[in-house]
Asks: 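Questions regarding the structure given below will be posed in turn.
We count ligands from 1, going down the list as the structure has it; atoms in each ligand are counted the same way. For the numbers below, each heavy atom of this structure counts, side chains included, while hydrogens, waters and symmetry mates do not.
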Amino acid sequence: MTSTSTPLRIAVIVGSTRDGRLAPTVGAWFMTQATAHAPQTHFDVIDVADLDLPDTHPSWGHERTQEQAELAARVQDADAYVIITPEYNRSFPAHLKHFIDLHHTEWQAKPVGFVSYGGVGGGLRAVEQLRLVFAELHCTTVRDGVSFHRATPDLFAADGPAHDPEGAAAAAKILLDQLDWWAHALRTARAERPYR
Ligand SMILES: Cc1cc2nc3c(=O)[nH]c(=O)nc-3n(C[C@H](O)[C@H](O)[C@H](O)COP(=O)(O)O)c2cc1C
């Protein structure tokens, strides 16, 4: 059983896969914030672009390969999740949805936070839809997140024209603080009474 003093484990899921994507840049920015604000936490970055995902779901009779079982164990072992998502046509990427759908009980009774980016939408409409998806998976989503509108690589460059770097860093801290509260609370609750 995990004790309350065991460091939290947060899986950071990088959700876009297209060639030339901005996602790794946003993910690297978030990891800089995360390790600064939550140095005790163990972060596991799962980049959907690196995964060879099956077409079918385990509950439909498909047996997981060892690689897929190891991936499921990483989702299971996390106490909380941060989803890094762009907005595609007012929603989130199809590959991200497929990754989410391939796991089920692994997500349950855990908190989820969001870092989003896009054009004018800043990824916020993708996040609203992801909140519905994670409600179905018995997760709680935290209220505050980080959103970058008109996101381009130079927004994240150390000497780039980031319009509000302090604001984004402050938003990341609020997200991590909310995730920390829920992750501890739900880890304790799951240990006391397994979630069904
Ligand atoms: C197919 C497609 C649809 C998009 N739709 C939207 C949209 O509805 N709203 C928005 O704000 N940005 C939209 N964008 C802009 C993306 O959010 C932006 O280019 C982002 O950097 C894409 O993430 P990625 O580079 O990690 O793939 C779209 C981009 C693509 C490729």
Asks: Tell me, yes or no, whether the heavy-atom count around Glu70 atom CD, taken from other residues, nucleotides or ligands under 6.0 Å, exceeds 12.
Replies: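 For Glu70, atom CD is crowded (more than 12 foreign heavy atoms under 6.0 Å).
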
Asks: Is a side-chain donor or acceptor of His103 paired with a backbone partner of Phe99 at a separation under 3.5 angstrom?
Replies: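 Flag set: sc His103 to bb Phe99 pair under 3.5 Å.
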
Asks: Could you give all pairs that pass the salt bridge (charged side-chain N to carboxylate O under 4.0 Å, His left out) test and reach residues 36-56, with sequence neighbours left out?
Replies: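 As it turns out, the salt bridge (charged side-chain N to carboxylate O under 4.0 Å, His left out) pairs with a partner in residues 36-56, which skip direct neighbours, are Arg21-Asp47, Asp44-Arg74.
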
Asks: Would you please name every residue forming a side chain to side chain contact (heavy atoms under 4.5 Å, CB included) with Tyr195, sequence neighbours left out?
Replies: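 Once residues adjacent in sequence are excluded, the partners of Tyr195 under the side chain to side chain contact (heavy atoms under 4.5 Å, CB included) criterion are Gln108, Ala109, His138.
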
Asks: Enumerate the residue pairs fulfilling salt bridge (charged side-chain N to carboxylate O under 4.0 Å, His left out) with a member in residues 121-132, sequence neighbours excluded, ordered by first and then second residue.
Replies: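 Residue pairs with at least one partner in residues 121-132: Glu87-Arg125, Glu128-Arg131.
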
Asks: How would you list, by chain and number, the residues with a heavy atom under 4.0 angstrom from ligand 1?
Replies: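 Its neighbours under 4.0 Å (heavy atoms only) are Ser16, Arg18, Arg21, Leu22, Ala23, Pro86, Glu87, Tyr88, Asn89, Arg90, Tyr117, Gly118, Gly119, Val120, Gly121, Arg125, given by chain and number.
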
Asks: What orientation do Trp107 and Tyr81 show, parallel under 30°, tilted 30 to 60°, or perpendicular over 60°?
Replies: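 Ring orientation of Trp107 relative to Tyr81: perpendicular.
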
